[in-house]
Amino acid sequence: MTCQPVFLPMSLKEGEKQGIRQFDIILITGDAYVDHPSFGTALLGRVLWSAGYSVGVIAQPDWKTDTDFTALGKPRLFFGISSGNVDSMVNNFTPNLKRRSDDVYSPGGIPRRPDRATIVYTNKIHGLFPDSPIIIGGIEASLRRFAHYDYWQDRVRQALLADAPADLLVFGMGERQVTGIARRLAAGEPVTSLRDIRGTAYAMEIAEWRNKRPEGIIELPGFTEVSQDKTSYARAFALHYYEQDPVRGKPVAQPHPKTVVIQNAPALPLTMEELDRIYELPFCRRSHPSYKQPVPALEPVQFSVTSHRGCFGACSFCALTHHQGRIVQSRSIPSIIREVTRMTNMPEFKGIVQDIGGPTANMYGLSCEQWETHGACRNKHCNPSCKSLKTSHREQCVLLEKIREIPGVKRVFIGSGIRYDLALADDSGYLSMICDHHVSGHLKVAPEHIAKKVTGIMNKPGRAVFDRFHEQFEALQKGKKSRQYLVPYFMSGHPGCTISDMIELALYIRDNRLYTEQVQDFTPTPMSVSTCMYYTGLNPFTLEPLHVPKGQEKKIQRALMQYRDPRNKGLITEGLRAAGRMDLIGTGTECLIAAEDRANRQFLTKYQGTKK
């Protein structure tokens, strides 16, 4: 079974061509099946196949009937269920809670996944195949494994295992977990005995918890408590946040009204050799041929390469700490070279490598001497000022140079964004090299904000660091035939941010002539630090209160970031009035908007008279 098919089977007929009468494992996903390593179902399916198990795929089943769910029959070992690459609620709704009209993970962009897809699919399979083990995973399951604030219902929901009839939940990157589960089920172990696998969570009956509570476990405030008391919610978040390190993390339990959800310690990081083997599996980088329309999500990543996993930036609004973790795991240069070389043999390849990177492109090859034995530090975050952190980008420079030399490769771009504070700490000429060879017209960076208080809450570098980077970038533009531009990502509406902070950001954007099309309004997605702040109004690590913009203020903050858009004038005027900054309305060069209407002129005249 280790001889891999061009595509994983999506029908019994395709399975029969591989000599399969009954699949060992059936994977169900809310995405279309795209055989690319950036799509979780393809990645885990290929890993399981290479381990000797036959895998069938049910992609985007119609949950209103039984037909799609029974199409591949009953698996010998288990059903694996995922909502897809994105949480189904994030995928289905805009930050303003309006239902989206498209889905980039579906053929033709036509939405085909239900809300809360993991629960819907799991209930369906449990009803049709009550004796089959069900393993849930993916980003939705991973980030909803404890009681969590749900932005779409504006309330605290139970952990997913308390709502979905699954036997195990796989969190994080699941290769080790799913192969371990398959091996032990194939050996005859009942799924109820698989309670010791790192990177998984399971549910225990309350009576058993009272009588046989596992040793060394950290108990969180229960669902009833955290759903009724915001301080308890913040305390619970901090407790499980501190245990998400694979080296020093401990098991965590959270009681619910009808069950107790227990999370084992996170899975250990993969070695370089393991990562190499996974990403060199024979992905064909195409959508399944049964689709008559293209899957939009494939085009921007079809010829991109994952060079590493993990991110030690630990930005407050990002839940990656709870999924991939803070320890960076990098692939070898020869392995990446082989992957790119295979891409050049594809007829669709036009010589452009779209991206070489990971969560943050320039963390490739970076490491800390403490990670292997002590894990990431508990009470502080990695940053360039730490002497234990290796910050030289020399390895990535060598990697990019070697990729440029591959026959058939014309250009190699960095599309996943870079961490500018790390680029400043580099001693290998990284920034100059990427400006010369790996930036088309725009370089993406994410300062997110420039107000000191806000960047501190976000756990982002401050304004002075971004200014230094901006200066270095501009200095590198001298003598270039084609000028390049910095594209900073900024965020509005983040917890701790006030209208005055957004005015400061708007003035900074204006004074530095920055391009601001790439903006985002903060969305409280499950299991980020910022979402905890949004719901509780507290910093979960200090329990100090902080301002949380909501409703009309949130709209004003976003409008201020795009002050050049005339459609935002009313909201901006309202915000400037509220902040006492009518000096920014008028015809002068220091103003953000003009005082064109009569009401504004009268208010401005009165304001200026008061100031005098």
Side-chain angles (χ1 to χ4, degrees), residues 1-5 7-12 14-29 33 35 40-59 69-82 118 121-122 125-126 128-138 141-142 161 164-204 262 264-268 270-271 273-275 277-278 280-283:
M1 195 53 62
T2 54
C3 181
Q4 301 240 3
F7 287 93
L8 301 175
M10 285 185 65
S11 67
L12 288 174
E14 291 175 46
E16 289 170 359
K17 290 181 180 179
Q18 301 295 324
I20 300 167
R21 293 187 177 181
Q22 181 185 26
F23 290 103
D24 294 325
I25 298 155
I26 295 175
L27 301 180
I28 300 175
T29 174
Y33 169 37
D35 197 63
T41 297
L43 188 73
L44 293 181
R46 291 287 185 189
V47 167
L48 285 164
W49 201 289
S50 70
Y53 304 102
S54 60
V55 180
V57 175
I58 299 176
F69 292 94
T70 58
L72 299 185
K74 179 181 179 179
R76 183 174 69 92
L77 299 178
F78 67 86
F79 282 99
I81 295 177
S82 165
T118 305
Y121 294 159
T122 304
I125 286 297
H126 182 67
L128 293 168
F129 303 95
D131 299 328
S132 290
I134 298 175
I135 315 300
I136 57 176
S142 185
L161 282 172
D167 296 286
L168 286 173
L169 181 153
V170 169
F171 66 90
M173 306 300 284
E175 296 92 351
R176 276 198 177 138
Q177 297 95 303
V178 295
T179 52
I181 291 167
R183 183 177 63 254
R184 290 173 64 174
L185 290 177
E189 288 189 54
V191 70
T192 52
S193 71
L194 307 185
R195 291 181 166 185
D196 58 346
I197 299 174
R198 280 175 163 268
T200 65
Y202 60 94
M204 176 182 285
I262 299 176
N264 291 318
L268 293 172
L270 296 177
T271 65
E273 293 73 23
E274 288 171 325
L275 271 181
R277 281 198 298 272
I278 289 169
E280 289 193 70
L281 291 171
F283 300 97

* Give the C-alpha distance, both sets of side-chain angles, the deciding distance and a yes or no for side-chain contact (heavy atoms from CB on, under 4.5 Å) between Ile28 and Phe69. => CA-CA 8 Å; Ile28 300 175; Phe69 292 94; 4.3 Å; yes
To the nearest 0.5 Å, atom CZ of Phe23 lies from atom CD1 of Ile25 at 11.5 Å
Scanning both residues in full, the closest heavy-atom pair of Gln4 with Pro282 reads CB-CG, 3.7 Å
(request) Verify side-chain contact (heavy atoms from CB on, under 4.5 Å) between Arg176 and Arg198, making sure each step is shown before the conclusion. (result) CA-CA 9 Å; Arg176 276 198 177 138; Arg198 280 175 163 268; over 6 Å; no
In terms of heavy-atom contacts, Gly174 and Leu44 come closest through C-CD2, 3.8 Å
Value for CG (Leu12) from CD (Gln22), rounded to nearest 0.5 Å, stands at 10.5 Å
Closest non-hydrogen atoms of Lys74 and Ser132, given as atom of the first, atom of the second and distance, are CE-OG, 3.1 Å
* Measure up the Tyr33 and Phe7 rings against each other and bin them: parallel (under 30°), tilted (30 to 60°), perpendicular (over 60°). => perpendicular
request  = Answer yes or no: is there a donor N or O on one side and an acceptor on the other, between the side chain of Ser54 and the main chain of Asp24, under 3.5 Å?
outcome  = yes
To the nearest 0.5 Å, atom CD of Glu189 lies from atom CG of Leu194 at 5.5 Å
* Would you mind reporting whether Tyr202 and Thr192 have side-chain heavy atoms less than 4.5 Å apart? => no
Gly199 backbone acceptor or donor facing Gln177 side chain under 3.5 Å: yes
* Asked: Do Leu48 and Thr179 touch side chain to side chain, with heavy atoms closer than 4.5 Å?
  -> yes
CG of Leu275 to CG of Leu270, rounded to nearest 0.5 Å, is 5.0 Å
Interatomic distance, OG1@Thr118 vs CD1@Ile134, rounded to 0.5 Å, equals 11.5 Å
Contacts of Glu14 meeting salt bridge (charged side-chain N to carboxylate O under 4.0 Å, His left out) (sequence neighbours excluded), chain-then-number -> none
Applying side chain to side chain contact (heavy atoms under 4.5 Å, CB included) to Arg183 and not counting sequence neighbours gives Tyr53
| query | So do Ile136 and Leu161 actually touch side chain to side chain, heavy atoms under 4.5 Å? | reply | yes
Closest heavy-atom pair, Gln18 versus Pro9, reported as atoms and distance to 0.1 Å, is CG-CG, 4.5 Å
Closest non-hydrogen contact found for Ala42 with Leu8 is O-CD1, 4.5 Å
side-chain contact (heavy atoms from CB on, under 4.5 Å) test vs Leu72 passes for just one of Ile20, Ile26, Leu27, namely Ile26
query: How far apart are the C-alpha atoms of Glu175 and Glu274, what are their side-chain angles, what is the distance that settles it, and do they pass the side-chain contact (heavy atoms from CB on, under 4.5 Å) test?
result: CA-CA 10 Å; Glu175 296 92 351; Glu274 288 171 325; over 6 Å; no
Working note: Phe79 + Thr122, criterion side-chain contact (heavy atoms from CB on, under 4.5 Å); need CA distance, chi angles, decisive distance, verdict. CA-CA 9 Å; Phe79 282 99; Thr122 304; over 6 Å; no
>> I'd like to check Arg184 versus Asp196 (side-chain heavy atoms, cut-off strictly below 4.5 Å). Are they in contact?
In response: yes
Exercise. For Gly172, does its backbone N or O pair with a side-chain atom of Ser142 as donor and acceptor, under 3.5 Å?
Worked result: yes
| message | In the structure I gave you, are the side-chain heavy atoms of Phe283 and Leu43 within less than 4.5 Å of one another anywhere? | response | yes
To the nearest 0.5 Å, atom OG1 of Thr200 lies from atom CZ of Phe171 at 7.0 Å
query: Considering only heavy atoms from C-beta outward, does the side chain of Ile181 approach that of Val170 to under 4.5 Å?
result: yes
